[in-house]
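Worksheet: the structure to be examined is printed underneath.
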Amino acid sequence: MDIEEEFTGALAALQRRSREELAAFIVSLLCGAPPGVRSYVEAFIAAAEPAKIATIVRRQIGALRMGEREYDVRHRRSAEILARAGYTLGIIERVVLPSDVALARKLLTELLDAEQQIAEQCYEEDFGAEELFTRVRSLVSATTER
């Protein structure tokens, strides 16, 4: 498929969403997104405040200039896996659940079935993984009650 067609289709789909939905989605990207994405979202939100944008860009330049230690890379890897699991849960919770409870329950169960493998990859974020799967179990329970 043509990239321009994909862009046009995505833009059309987003234009059908409400302002509130889009705003909530954009703000959700601030929580747990990789630093570059988080800074990009922060800059988008602060578009009318050049001084704030300059601070965001300078912070990124400073981080790029410093680089990362091996420990930081290992820790980031665990955090990225946990964030990806969180985004997956977010898709189920915010996109699927409101429109299809049965499918949401099935997907939540599949995510729960993968808990051990996901948790093994989040060894430096074990508390976060534990919290995430507590939330998954809570949602499975809530969807069973519906």
- Passing candidate, side chain to side chain contact (heavy atoms under 4.5 Å, CB included) with Arg105, options Val96, Leu97, Leu139, Thr144: Thr144
- Message: Under the salt bridge (Lys or Arg N to Asp or Glu O under 4.0 Å) definition, can you give me all pairs with a residue in residues 91-103, not counting sequence neighbours?
- Response: Glu93-Arg135
- Query: Transitive ILVMFWY cluster of Leu22 at side-chain heavy atoms under 4.5 Å: who else is in it?
  - Reply: Leu14
- Message: Would you say that Arg84 contacts Glu80 through its side chain, given a criterion of any heavy-atom pair below 4.5 Å between the two side chains?
- Response: no
- Note on the structure: For residues 45-55, the side-chain hydrogen bond (donor to acceptor under 3.5 Å, both in side chains) pairs (sequence neighbours left out) are none
- Can you check whether Ile118 reaches Leu111 side chain to side chain, under 4.5 Å on heavy atoms? yes
- Task: Sequence neighbours left out, what passes side chain to side chain donor-acceptor pair (under 3.5 Å) with Glu131? Give chain and number order.
- Result: none
- Message: Could you work out, with side chain to side chain contact (heavy atoms under 4.5 Å, CB included) as the rule, every residue matching Glu21, not counting sequence neighbours?
- Response: Arg17, Ser18
- Task: Please name all residues satisfying side chain to side chain contact (heavy atoms under 4.5 Å, CB included) with Ile45, sequence neighbours left out, ordered by chain then number.
- Result: Ile26, Leu30, Val41
- Message: Same cluster or not: Ile92 versus Leu103, using hydrophobic residues (I, L, V, M, F, W, Y) connected whenever any side-chain heavy atoms lie under 4.5 Å apart?
- Response: yes
- Note on the structure: Rounded to the nearest 0.5 angstrom, the CG-OG distance for Leu108 and Ser141 is 11.0 Å
- Note on the structure: Going by chain and number, the hydrophobic cluster around Phe7 (ILVMFWY, side chain to side chain under 4.5 Å) further includes Leu11
- Find out if a path of hydrophobic residues (ILVMFWY) with successive side-chain heavy-atom gaps under 4.5 Å connects Leu89 to Leu112. yes
- Note: Ala85 and Leu132 closest approach over all heavy atoms is CB-CD2, 3.8 Å
- Sequence neighbours left out, what passes side chain to side chain donor-acceptor pair (under 3.5 Å) with Ser39? Give chain and number order. Arg59, Gln60
- Message: Can you list everything that forms a side chain to side chain donor-acceptor pair (under 3.5 Å) with Gln117? Sequence neighbours excluded, please.
- Response: none
- Message: List the residues meeting side chain to side chain contact (heavy atoms under 4.5 Å, CB included) with Ala129, not counting sequence neighbours, and say none if there are none.
- Response: Leu82, Cys122
- Can you tell me how far CD1 of Ile53 sits from CZ of Phe44, rounded to the nearest 0.5 angstrom? 10.5 Å
- Task: Please name all residues satisfying side chain to side chain donor-acceptor pair (under 3.5 Å) with Arg137, sequence neighbours left out, ordered by chain then number.
- Result: Glu115
- Item | Partner residues of Phe25 under the side chain to side chain contact (heavy atoms under 4.5 Å, CB included) criterion, sequence neighbours left out | Ser28, Leu29
